[in-house]
Amino acid sequence: MVASPAAGQPVELKVAEVHVYGTADPAAYPLQKKGHSFEFLREISHLRVRSNTFGAAFRVRNALAHAIHTFFQERDFVYVQTPIITTSDCEGAGAMFHVTSLNLRDLPRSPDGAIDWQQDFFGRPTYLTVSGQLEAETYALGFTKVYTFGPTFRAENSNTPRHLAEFWMIEPEMAFYDLEDNMRLAEEFLKFTIRYVLEHCREDLEFFKERVEKTVLGTLEHVAESTFAHLSYTDAVKALQDAGKTWEFAPEWGHDLQTEHERFLSEEVFKKPVIVTDYPRDIKPFYMRVNDDNRTVRAMDVLVPRVGEIIGGSQREDRHDVLLKRIRESGLDERPYWWYLDLRRFGSVPHSGFGLGMERMMMYLTGLKNIRDVIPFPRTPGNADF
RNA sequence: UCCCCGGUAGCUCAGCCGGUAGAGCAGGUGGCUGUUAACCACUUGGUCGGGGGUUCGAGUCCCUCCCGGGGAGCCA
């Protein structure tokens with residue numbers, strides 16, 4: 001390596017010997033010395049990592065993973081590996097993938113013609129997990145503070161730039177935390193990981209600012225120092241109704257917030273992350289703690305500009321009788337939840353937690369607009385190549 | 001899954017009212033060159049996403065399927 005006389009570079013290599021390990025036919029090699037579309041590069045996911053954008057993206061992803069563990073480990077959380085194969089067939093988070101070792105061309109049948117799952121590997125229907133939350137709760141009641149960080153699966157036929165069939169989720173769960181503690185942790189967590197990436201991936205973030213999304217660096221620096229906005233679902237609906245805007249779907253108490261509503265709140269009203277709390281009971285899952293008004297639950301969604309919902313969490317229902325009632329109200333069979341209900345029979349305590357999609361966070365950090373570009377090998381309906 | 005837009009050379013695209021295809025880049029050859037997504041000249045390269053239909057004739061019009069993008073729903 002010697003000083004370079006050329007402009008724009010401080011040093012250059014003075015090569016003594018060159019050994020070619022593997023050649024690449026230039027007529028067949030798909031990567032060129034020019035900008036390629038992300039759609040094209042996605043078709044060659046095994047080669048796109050050699051490009052500058054994806055090199056930067058996956059360095060940031062690595063730093064984010066490190067930041068996640070660092071944040072929780074520094075705060076005495078215990079890392080729990082929850083199961084990937086599960087028998088809970090309705091955790092309330094969407095369609096699931098079946099896991100089976102049965103011969104699909106010759107399925108065993110019971111006398112009434114239904115599939116005889118007793119002959120399957122686990123002796124009953126099993127699925128890929130959609131969430132480790134329920135299992136994480138059991139460990140939170142043993143260790144006080146835990147977190148999961150692993151893959152989750154959704155068999156939804158979602159075709160959007162924000163959904164994957166296989167994605168990585170972070171789910172902290174804390175005993176003795178109420179919703180306010182939960183929100184505090186979520187905000188601290190987001191700021192910590194942002195600061196970590198700002199500090200360790202400066203060059204890559206500059207690259208994203210220049211080539212992908214010019215607001216990304218400024219937004220991150222701003223968010224790392226700002227205080228998140230808070231408002232209740234009820235106030236959010238009121239604010240939307242009073243906004244003097246024409247909506248495709250009119251905001252109305254009892255209906256879930258639409259994407260256009262969430263974007264309006266985070267991008268136009270507050271221009272920073274917003275935490276919306278206390279959603280109507282009837283549009284949220286059974287495990288969220290019912291408020292004293294009996295109409296709302298202790299839920300919270302963190303909405304960020306550009307990405308939308310990045311975190312969903314709640315204080316959990318810790319009262320056995322209320323939880324059982326809610327499971328039944330939701331039309332679920334309580335029997336598979338016997339162990340979950342046991343947590344409320346044997347030393348129940350208030351506890352809370354949230355789920356954060358790693359890829360959503362990646363989109364926020366990099367400014368990349370398609371979730372398929374922030375995971376090495378994206379799985380989406382009709383696509384499981386590589 | 002629903003709505004909208006798209007699929008033409010390896011890549012990015014043009015192709016008008018239907019008359020059987022072009023550019024830039026890449027590749028090849030030669031030249032030039034302290035280059036940075038170099039420059040000059042020449043040049044190879046196409047089942048126009050698949051199938052069906054209308055027509056004397058379809059990249060172009062119609063039907064259908066597949067794939068991609070955007071929006072919506074589901075959510076993280």
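Just so it is clear: chains get the letters A, B, ... in the order the sequence lines come, proteins before strands, and each one is counted from 1.
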Worksheet item: Rounding to the closest angstrom, what is the interatomic distance between B:C39 and B:C3 at atom P?
Response: 47 Å
Item to complete: Could you work out the complete set of other residues in the hydrophobic cluster of A:Leu104, with links drawn between I, L, V, M, F, W and Y side chains under 4.5 Å apart?
Response: A:Leu102, A:Leu107, A:Ile115, A:Trp117
Worksheet item: Can you list, by residue number, the residues of residues 230-261 of chain A that have a non-hydrogen atom closer than 4.0 angstrom to RNA chain B?
Response: A:Gln258, A:Thr259
Worksheet entry | Separation of B:C75 C1' from A:Tyr287 OH (nearest whole Å) | 11 Å
Worksheet item: If you take atom types as modelled and just measure distance, does the side chain of A:Arg162 reach the base of B:A76 with a donor-acceptor pair under 3.5 Å?
Response: no
Worksheet item: Rounded to the nearest Å, what distance is computed from the CG atom of residue A:Leu303 to the C1' atom of nucleotide B:A76?
Response: 12 Å
Practice prompt. Check RNA chain B for consecutive Watson-Crick or G-U pairs with both distances under 3.5 Å and list the runs of at least three as stems.
Written response: B:1-7 with B:66-72, B:10-13 with B:22-25, B:27-31 with B:39-43, B:49-53 with B:61-65
Item to complete: Take atom CG of A:Leu64 and atom P of B:A76, then tell me their distance rounded to the nearest Å.
Response: 18 Å
Give me the distances for all protein-to-nucleotides 1-8 of chain B N/O pairs that come in under 3.5 Å?
{"unit_1": "B:U1", "atom_1": "OP1", "unit_2": "A:Asn157", "atom_2": "ND2", "d": "2.2"}
{"unit_1": "B:U1", "atom_1": "O5'", "unit_2": "A:Asn157", "atom_2": "ND2", "d": "3.4"}
{"unit_1": "B:U1", "atom_1": "O4", "unit_2": "A:Asn157", "atom_2": "O", "d": "3.4"}
{"unit_1": "B:U1", "atom_1": "O4", "unit_2": "A:Asn159", "atom_2": "N", "d": "3.4"}
{"unit_1": "B:U1", "atom_1": "O4", "unit_2": "A:Asn159", "atom_2": "ND2", "d": "3.1"}

Short N/O separations, protein against nucleotides 64-66 of chain B, under 3.5 angstrom:
none

Response to the item:
Counting primed atoms, P, OP1 and OP2 as sugar-phosphate and everything else as base, the B/S/- map of nucleotides 25-30 of chain B against protein heavy atoms under 4.0 Å is SSSS--
Practice prompt. Can you measure from OG (A:Ser266) to CZ (A:Phe228) and round to the nearest 0.5 angstrom?
Written response: 11.5 Å
Worksheet entry | N/O donor-acceptor pair, side chain A:His163 with base B:C75, under 3.5 angstrom | yes
Practice prompt. Return the minimal non-hydrogen interatomic distance between A:Leu47 and A:Pro30, and the atom names on each side.
Written response: CD1-CG, 3.7 Å
Fill in: Nearest-angstrom distance from the residue atom CD of A:Glu359 to P of B:A76
13 Å
